[in-house]
Amino acid sequence: MTQTIPSSDAVQADRYSPGEVEAKWQERWRERRLYEVDLHDDSRPKFYFLTMYPYPSGDLHVGHWFAEAPADAAARFKRMNGYNVLFPMGFDAFGLPAENAAIRAARQGEDVHPATLTYQRIERMERQYDQMGAMFDWSKKVITCDPEYYKWNQWFFLKMYERGIAYRKESFVNWDPVDQTVLANEQVIDGRGERSGALIERRLMPQWHFKITDYADELLSFEGLDWPERIRVMQTNWIGRSEGAKVVFRSEQGDDIEVFTTRPDTLWGATFMVLAPEHPLVEKLTTPDRRDAVRAYVERASHMTELDRQAETREKTGEFIGAHALNPVNGERIPIWIADYVLMGYGTGAIMAVPYGDERDHEFAQKFHLEIRPVVRPDDSRVPDEELKDLWTGPGTMINSGPLNGLRNNGEKGRANPAIAAAIDHLKGIGAGEEQVTYRLRDWLISRQRYWGTPIPIVYCDDCGIQPEKEENLPVLLPDDVAFMPTGESPLKHHPAFAEVACPNCGGKAHRETDTMDTFVDSAWYWFRYLSPHDDARPLDPELVKRWTPVDVYTGGVEHAILHLLYARFFTKVLRDLGLVEIDEPFLKLRNQGIILGADNEKMSKSRGNVVNPDELVTQYGADTVRAFLMFIGPWDQGGPWNYQGIEGVYRFLHRVWALVVEQEAKPEPSPDADLDTVAGELKRAVHNAIKEVTEDLGAFRFNTAIAELMTLSNAMGKARAHRAALGPAWSEAVRELLLLLAPIAPHIAEELWERSGFPGSVHLQSWPSYDESALVAETVQMAVQVNGKVRGQVQVPVGAEDSQVLDIARAEPNVARYLSEGQVVREIVVKGRMVSFVVKG
RNA sequence: GCGAGGAUGGCGGAAUUGGUAGACGCGCUGGACUUAGGAUCCAGUGGCCUAGCCGUGCGGGUUCAAGUCCCGCUCCUCGCACCA
């Protein structure tokens, strides 16, 4: 890309110079505190417009602009529509990249502290944000690595600990060997660490969890929320609710083996059982002759990464453990196997296997030659029961199933299926099971073996065990004087002053928890804190929370569909149950922007070298052009490839707007035969049409078409421009409306032209214009005309015309007139809005 | 495999309840102004065998009328995936 700005000798005194205009207005807006919001102002309705706060990576890239500039336009639009709009911004400042940078530095013998790095980056990004011309209210800024912020993470943790929502449990965890930390399930993508890309190992460790599963059912409801279907589906699948039954089998040795099944109706077809390799009963139940084989299998499974396991989706593996269990419904003796297709983390880690009714069990049975017994006869099957196909998961009639024989199985889930209902009742009757709901969702593991995060306020006392830190001792400060380990281990472990403490209970010898919290804890409630960012006495201001939340619109990337957005919903419900807020849901309306791809159609990344730097673009074209171009590129929720050429068109458009308002008319006066009334009428129509369209588009986040409408208006004004002197106030009115419509999208140039036109005040403090319906384009609509049921012609009819007028026009159509003149009109009707029917006799 | 979304000119994309397909922009072509044009302005720009015909991934259907509705496919993107 080479220069496109006209060389300086061509610049006239009043030529559009984005750099000057933008610097001037950013300065003035700052001086006038134009965007500082009075949270107590109740003269206007509130509107909380939230956009996801960024991680302080150090440089704003074009993706930030794509996310935030349109959001800013939508927020400005709301503000001009009479709302008191809160549009805050902050930084998600804890996290691995800053710490990893410190570790890298340590490896080279340098000393870089994550805090120093983070605050430097925040400062740089704030300056870059200012260049965007966004109406962020920085006075409400939240930085999550500030003790004044993370203190409240700790406070919430203590409250949740009191209520049993935060608990410590030894469990298998996802261990990232590169980042040297445990990850949440949500952070493991295809068996690899979300950040590091390293293969995840499974380890058994004591970890802190939040009991998000307590809220599983509530999280499944999106009632009253205007969220994209896509996100709702993703969250619903993630929570993964399954209705079924728990059934207790008993081993011959007398141990209860509990299983969960969604198909209790097929219990009589259970011909073997399968335990997960990690199942606690495996060791005990295995018979001596099978011990070696079983141990080898368990050993192999434990070393397998998640990815290895998933890669083996085709071929089933497993081992018979030598033991048998009794099927509670028919007392049958069935073999017990272990196999890694049964997961310890779901249900009970054990299943009853019904090869006839489950594809996986069927595959397993075939491979190991286990019995397959039909229990549902398909409706259209005519073969004898013994010859039924060996896998059927659909509806039919129950067979080989004792008391269920002959019952209808409609293939539905839960009690809606008579066969399932009967099976559950039967289980209850014999005391071997009952209805149960199981979720895929697991509790949120929040422990991280890292330094740069919120310290978990827990102390382990040799005598008293786990002790929560006292509230008055908060915040538990993250120490600054730490040495970063080249190995990646958390420096907290090697910091005696931090780790060795007195027990808050007995005062005896104790040590502090050295794990820190997942950074998703920070972002699970940050929007509440914008309302009182520096309140030292309490986490949130109840009065302001009541007035301002829930957030009216939340915008951000889809990549947070299940991580952040699910945690935020969970946290809100917890805060509600703690009596701190009164709302059930944090974000009423959610909108996701798409992703801007590099010119090579790949996701932008430093390693690919396809990153577009917005700073250079701003220098070349100005922020207004960059903003408007990102909005114009296509539907916002779609994203798309970056295209250098397109930006020129938007740049030219802003130049033309500038010329319309500022530049002196160089052309000769209009020719005397120009019909001024027509010109004025068309101008007015163009203006009001634009108001209507831009209003609808901005309200619906359709930025691309809003700009297209503005271009159409500016083109129309370009045609009328030659008559501007003669048009007088009509011209000036058109300019006024154009600038108002432009203000949310290109705030600087709109403000400058507003001032130059002599309009009072700031364009951003004006009310949004409304349109005059009667001034809109007199549209016509095409209608078909039929005579005695046959279409004879098409006519153009003005929108909103009276029926009689429509009939007159239709009658005048030559092709129609031919048929009408012959006979007599008996009935005339206008149907379907777009069809004129004549019925003629004679 | 399951779920969600999509397919429209050379390109990004527009098209209320079915009603002149291709708004707006890019690119391209021609012209004007120019020492020059990669600046600006004007005109044109879906295709073709151009009295007209054909055109919204493919094949059917409903309708006076289909990008839009119905049936059957193909391909693409994203999400989930041995969840019992």
Side-chain angles (χ1 to χ4, degrees), chain A residues 2-7 10 189-190 228-238 240-242 244 247 259-263 266 270 274 276 309-310 312-316 339-343 345-354 357-361 363-364 438-442 558-559 561-562 594-595 628-629 632-635 637-653 655-656 659 666-667 693 696 702 704-715 718 780-786 789-794 796-797 831-837:
Chain A
T2 52
Q3 67 86 30
T4 39
I5 294 175
S7 53
I189 314 290
D190 293 334
E229 161 91 3
R230 184 163 54 145
I231 307 288
R232 296 201 311 261
V233 167
M234 280 163 83
Q235 291 205 352
T236 303
N237 290 344
W238 186 261
R241 184 182 205 270
S242 292
V247 185
V259 304
F260 170 75
T261 178
T262 56
R263 294 292 306 277
T266 62
V274 186
R309 275 196 169 194
Q310 285 169 13
E312 271 186 75
T313 48
R314 297 281 170 268
E315 188 76 354
K316 290 276 182 291
D340 63 6
Y341 81 93
V342 174
L343 310 172
Y346 182 76
T348 61
I351 62 161
M352 64 172 207
V354 183
D358 183 283
E359 275 182 52
R360 297 151 302 178
D361 298 346
E363 205 184 312
F364 193 85
T438 295
Y439 301 90
R440 207 188 83 121
L441 181 72
R442 286 175 241 174
V558 261
E559 65 272 21
I562 40 184
I595 298 167
F629 174 61
F632 188 58
I633 203 165
D637 57 1
Q638 200 175 298
W642 177 262
N643 175 335
Y644 280 107
Q645 275 122 26
I647 198 169
E648 301 281 350
V650 174
Y651 189 56
R652 286 200 274 262
F653 158 65
H655 268 281
R656 279 198 293 271
K667 289 185 177 172
E693 298 294 334
E696 288 171 3
R702 289 190 302 256
N704 56 331
T705 48
I707 292 173
E709 292 299 337
L710 282 173
M711 287 172 167
T712 306
L713 173 59
S714 112
N715 290 344
T780 61
V781 76
Q782 189 176 36
M783 296 184 78
V785 186
Q786 69 177 24
K790 289 215 165 140
V791 171
R792 301 299 184 184
Q794 305 271 327
Q796 294 292 327
V797 177
V831 291
K832 264 188 172 178
R834 295 292 161 84
M835 168 66 73
V836 191
S837 300

Taking pairing as Watson-Crick or G-U wobble with both contacts under 3.5 Å, can you name the mate of [N], or confirm there isn't one?
| N | value |
| --- | --- |
| B:rA36 | none |
| B:rC75 | B:rG6 |
| B:rA43 | B:rU29 |
| B:rA14 | none |
| B:rU62 | none |
| B:rC49 | none |

Would you say a side-chain N or O of [X] is under 4.0 Å from OP1 or OP2 of [N]?
| X | N | result |
| --- | --- | --- |
| A:Arg440 | B:rA81 | yes |
| A:Asn704 | B:rA14 | yes |
| A:Asn237 | B:rA4 | no |
| A:Thr705 | B:rC24 | no |
| A:Gln638 | B:rG13 | yes |
| A:Arg702 | B:rU16 | no |

Derivation of the side chain to side chain contact (heavy atoms under 4.5 Å, CB included) call for A:Glu363 and A:Tyr341: CA-CA 11 Å; A:Glu363 205 184 312; A:Tyr341 81 93; over 6 Å; no
Shortest side-chain distance from [X], nucleotide among [options]:
| X | options | answer |
| --- | --- | --- |
| A:Pro635 | B:rC24, B:rA84, B:rA14 | B:rA14 |
| A:Ser242 | B:rC41, B:rG79, B:rA84 | B:rA84 |
| A:Thr712 | B:rC24, B:rA84, B:rC41 | B:rC24 |
| A:Arg652 | B:rA84, B:rC24, B:rC26 | B:rC26 |
| A:Arg230 | B:rA39, B:rA4, B:rC24 | B:rA4 |
| A:Phe632 | B:rA84, B:rC41, B:rG12 | B:rG12 |

Contact nearer the 5' end of RNA chain B, comparing A:Thr262 with A:Met711: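 Counting from the 5' end, the first nearest nucleotide belongs to A:Met711.
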Position toward the 5' end of RNA chain B (nearest nucleotide), A:Glu709 or A:Ala350: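 Mapping each residue to its closest nucleotide by heavy atoms, the 5'-most match is A:Glu709.
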Within this structure, what is the [atom1]-[atom2] distance for the pair [X] and [Y], rounded to the nearest 0.5 Å?
| X | Y | atom1 | atom2 | value |
| --- | --- | --- | --- | --- |
| A:Leu441 | A:Ile562 | CG | CD1 | 10.0 Å |
| A:Glu693 | A:Leu710 | CD | CG | 11.0 Å |
| A:Phe364 | A:Glu315 | CZ | CD | 11.0 Å |
| A:Leu343 | A:Thr348 | CG | OG1 | 11.5 Å |

Interatomic distance where [atom1] belongs to [X] and [atom2] belongs to [N] [whole Å]:
| X | N | atom1 | atom2 | value |
| --- | --- | --- | --- | --- |
| A:Glu359 | B:rG1 | CD | P | 11 Å |
| A:Phe629 | B:rC11 | CZ | P | 17 Å |
| A:Ile633 | B:rG12 | CD1 | P | 11 Å |
| A:Glu648 | B:rC26 | CD | P | 9 Å |
| A:Tyr341 | B:rG1 | OH | P | 22 Å |

Full working for side chain to side chain contact (heavy atoms under 4.5 Å, CB included) between A:Val558 and A:Arg230: CA-CA 9 Å; A:Val558 261; A:Arg230 184 163 54 145; 3.3 Å; yes
Using the [atom1] atom in both, what is the distance from [N] to [M], to the nearest Å?
| N | M | atom1 | answer |
| --- | --- | --- | --- |
| B:rG61 | B:rG67 | P | 15 Å |
| B:rU62 | B:rG1 | P | 32 Å |
| B:rG47 | B:rG9 | C1' | 9 Å |
| B:rA4 | B:rU20 | P | 31 Å |
| B:rG13 | B:rG27 | C1' | 14 Å |
| B:rU56 | B:rA66 | C1' | 11 Å |
| B:rC48 | B:rA14 | C1' | 25 Å |
| B:rG57 | B:rG12 | P | 14 Å |

More than 12 heavy atoms from other groups under 6.0 Å of CD on A:Glu696: yes
Syn-anti status, with the boundary at 90° from 0, for the nucleotide B:rG59: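 Classified anti.
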Sugar-phosphate only, base, or nothing, as touched by A:Arg232 at under 4.0 Å among non-hydrogen atoms: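 Counting heavy atoms under 4.0 Å across all strands, no contact is made by A:Arg232.
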Sugar-phosphate only, base, or nothing, as touched by A:Asp361 at under 4.0 Å among non-hydrogen atoms: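 No contact at all - A:Asp361 keeps every heavy atom at 4.0 Å or more from the nucleic acid.
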Parallel, tilted or perpendicular: ring planes of A:Tyr346 versus A:Phe260, cut at 30 and 60 degrees: perpendicular
